[in-house]
Structure formats: C-alpha cells, structure tokens
There are 2 protein chains.
Amino acid sequence: MTVVADKSTREQIVDAADQLFYKRGFEATSFADIAKVVNISRGNFYHHFKTKDEILDAVIAARVGQTRGMLAQWEACGPDPMSRIRSFIHILVANQALIMRHGCPVGTLSTELAKLDHPSLKQASGLFTLFRVWLRKQFALLGRKADADALAMHLLARSQGVAVLANAFHDKSFVKQEVRQLCEWLESCAPKPAASNR
Amino acid sequence: MTVVADKSTREQIVDAADQLFYKRGFEATSFADIAKVVNISRGNFYHHFKTKDEILDAVIAARVGQTRGMLAQWEACGPDPMSRIRSFIHILVANQALIMRHGCPVGTLSTELAKLDHPSLKQASGLFTLFRVWLRKQFALLGRKADADALAMHLLARSQGVAVLANAFHDKSFVKQEVRQLCEWLESCAPKPAASNR
DNA sequence: GTCTATAGATTGATAGAC
DNA sequence: GTCTATCAATCTATAGAC
C-alpha cells in the first residue's frame, strides 16, 4: 500500500509474467524467462512466489483488477449503454495488432488452462464473466432485459471468433469488416419505440 | 502402401499424437506420453520421426486428409448448398462434448502454435482455409457469389467463438442457442427470389 | 531480500546392441 | 524395427550464505 515510484519486485514479476503468459503462453514461459526480464536470479523468485501456479493466480488477479477498471471507465465515460457496448466492440480495433499476433488474452488463457486441466481455469474464465455481467447490464439498460444475458454471450462469442481467426490468418481487413457488422448488429438490438414487437 | 488389418507403428504414433495434441496441447505432450499410449520405447520413436516437429507435421497432414474426406462427404450427401452448410454448423452439436472439454481442434492448435511462434502455424491454419474455401463455394452456389468469402469467414468466426466460450464456461445450452441462431442466420442468407434486393 | 549452488525430475534426442 | 542405456539441457523447486 506504499506509494512509491519504483514498482516492488513482486509487482515487476507479475507484470513480466502477465506479458509473457500472453505472448508465449503459460506453460511455455519458465521461471528463467521471467527472471531474465525482471533481472533477478531464479532463486530470488521463490521468495515472492512459492510455485508457478501462484504466479498464475497473481496474474489473473491483476488482470481482473485491470478489467474492472476498464469497465468502470467505460461506464463512467459512455453517455448511454449503446455507446458503452461500442467501447467493448472497439477493443478489437484498439488491440488489433496484439490480437493478430497473440490472440485475445482472455480467450487464449482459458483455452490453454482448459487443455492443461488446470485448477485456475475457473478463475481465468471469471474474466469472461466480468465482461459477461457488464455487457448483460448494458443490454438490460438498452431495454433488452429479457434476453440480456444471451445477447452478452452472443457478443462475447462473436468477439472471440474474430480474435481466433485474426490470429490464425493475420487478416486486418477481416477484423475491420467484422467490427462493422458487429456495430450494425448492435444498432439492431435497440428496441424500436413505435414498431412491431418482433 | 500395404493393406493390413493392424496399423503400422507410424500410424499408431500419429493417431496417438493427434489425440494427445488435441486433448492436452502440443507442447504439453511429451514423447514419453505418446510412447506410453502406443506402447513402444522412447528410443524406438526416433526411428519413425526425427523430431517432435515432424510428428506435428504428420498430425496436421492427417487432419487435412480427414477434413478433406469429411467435406467431400458433406458435398456428396447434402442435396443443396444450404443443407451442406448446415452440416458444417452441426459439428458444434455433434462434437459438443469434446468441444466443451478441449475446444475446437483447429482453433486451439492454431492458437497454441501462434503463441509458440511455430513454423507450422501456416500449415495448421491451412485447416481453416480448407473449411473457408469449401464454405465459400457453398455460399456461391447459394447465390451469394459476391460476398461468399466474407460469409464463409463470418461463419467460421461465429463457430470458433462458440467453441471458445463453450470450452471456458462448459455451457451446453449456450451451444444449442447459438447453433439455432446460426441456422436462422443461414436461412436469411439465401437471396429471396421475388423480394427487394436489400 | 537477494544471491549461489544444487537437487531431482523430465525434456528432446542419440548410440548401439539385438 | 525395437530395445536399453545414456546424453546434455532445461525444468520446478529447495537450502543456505550474505
């Protein structure tokens, strides 16, 4: 809780692990890799984290914090639910270069942990839940209370699909095209005031 | 090229590696794991494959062959392009249990190889291309020649998104719901004969 | 809190007997 | 074509000096 300019070694480790887990994957990242980035010895490592899984949990916790902050900011800055949901869709554009190289940090971590049958999979997919709950709220505010959760899951799935294919094909124009379609779809989600109910 | 009842050791290795790469991932699978399944010694291994990457290439080649066969079968059995595309969509239902546990074999392999910066990523994403080209053809036959490729990519992305979230959440009803929506979307893709052009 | 040294297991890969 | 024995490297993790 001390406010200092330099990050603590622990924070540096979590930051480095966060990036390496994203870029190379959890299992492919060794203590040696992280230690090299932070510039500490491997032995020193175990003073801060007893196991590799503990680092993973710390990384996930850090990402949860960052995500909460981002969602809160969208909530604060977006004037209406429609534009807030648009903020979500536009991560695909803002992070396009990273997504094309390494995929979505949430989706790829979940996928990897599922394959490893890792106990932290639940915590990792909790990141999805964060977005899911937030989107659900926005869709409800948009007047789609009844199917808000289905719409949230639908949008999450669409985003994940775009990320997977963008990563596999390295296709920039595909992302642009799909984002435009997603925005059109979003517009169509608002219930028309004086129109048929279907 | 001999026709025998028993599979050759090489074929057994590829089969075992195929399954393990899918269930656990490429990097998390060791020679020892594969050797245990096939019931050979690790040393014997290198008589058939010089490196782990060679096995990966053989696995991808095998998957390409299987996929080609599946697409040809859909082509032969489906009476019209619409029902053929439906065959594609319904893999999500047919392989639901496996997808919920291990994700899509095509998507997860591409994702992993992208993170490892592995030279075989291109070959792995070639599996996506196989589906892409096939779907493109079906959409063209459906009368959507102009945007056939965009529709193919769109459908691929939607499927991948469903697979990623089904894997992360282990949600069966979500898959069902999205598949129904995909089928409705597919129906809407057919150009109406006597209707407006938009 | 950071270091060196090292344990113990596993990794991908090789050599050579049968 | 299959085996055993083994290599060198790397991995996670520990012990103990400073």
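So that the names make sense, note that chain A is the first sequence line, chain B the second, and so on, each numbered from 1. Computation of the quantities below employed the complete heavy-atom set of this structure, encompassing side-chain atoms and omitting hydrogens, waters and symmetry-equivalent molecules.
Taking a cutoff of 4.0 Å between a charged side-chain nitrogen and a carboxylate oxygen, Arg158(A) and Glu178(B) do not qualify as a salt bridge. Of the charged side-chain nitrogens involved, at least one lies within less than 4.0 Å of a carboxylate oxygen, so that Lys137(A) and Glu75(A) count as a salt-bridged pair.
The NE2-C1' distance, from His48(A) to dC3(C), rounds to 12 Å in whole Å. At whole-Å resolution of the value, CZ in Arg10(B) and C1' in dG1(D) are 14 Å apart. In this structure, Glu27(A) atom CD and dT10(D) atom P are separated by 17 Å, rounded to whole Å. Rounding to whole angstrom units, CD1 of residue Ile34(B) and P of dT10(C) are separated by 17 Å. Taking atom CG of residue Leu20(B) and atom C1' of nucleotide dT11(C), one finds them 16 Å apart after rounding to whole Å. Rounding to whole angstrom units, CG of residue Asn39(B) and P of dC3(D) are separated by 8 Å. As a whole-Å value, the separation of His118(B) NE2 from dG12(C) P is 12 Å. One interatomic measurement links the two molecules: OH of Tyr46(A) to P of dG16(D), which rounds to 17 Å at whole-angstrom precision.
Taking 4.0 angstrom as the limit, His47(A) places a side-chain polar atom (N or O) nearer than this to OP1 or OP2 of dG1(C). Proximity of Ser30(A) to the phosphate of dC11(D): a side-chain N or O atom is located under 4.0 Å from OP1 or OP2.
Between the CZ atom of Arg10(A) and the CD1 atom of Ile13(A) there is a distance of 8.5 Å, given to the nearest 0.5 Å. The structure places CD1 of Ile34(B) at 11.5 Å from CG of Asp15(B), a figure rounded to the nearest 0.5 Å.
Among the nucleotides dA13(D), dT2(C), dA13(C), the one closest to any side-chain atom of Thr51(A) is dA13(D). In this structure, the nucleotide among dT6(D), dC11(D), dT12(D) sitting nearest to the side chain of Ala32(A) is dC11(D). Side-chain atoms of Arg42(A) lie closest to dT6(C) of the nucleotides dT6(C), dG12(C), dT2(D). Of the candidate nucleotides dT4(D), dG12(C), dT4(C), dT4(D) has the atom nearest to the side chain of Ser41(B). Of all nucleotides listed (dT6(D), dC3(D), dA13(D)), dC3(D) comes nearest to the side chain of Asn44(B). Among the nucleotides dC3(D), dA13(D), dA13(C), the one closest to the side chain of Ile40(B) is dC3(D).
Using a 4.0 Å heavy-atom distance criterion, Phe31(A) is classed as a sugar-phosphate-only contact.
The closest side-chain heavy-atom distance from Arg63(A) to Tyr22(A) is below 4.5 Å.
Toward the 5' end of DNA chain D, the nearer of the two residues Thr9(B) and Asp53(A), judged by each one's closest nucleotide, is Thr9(B).
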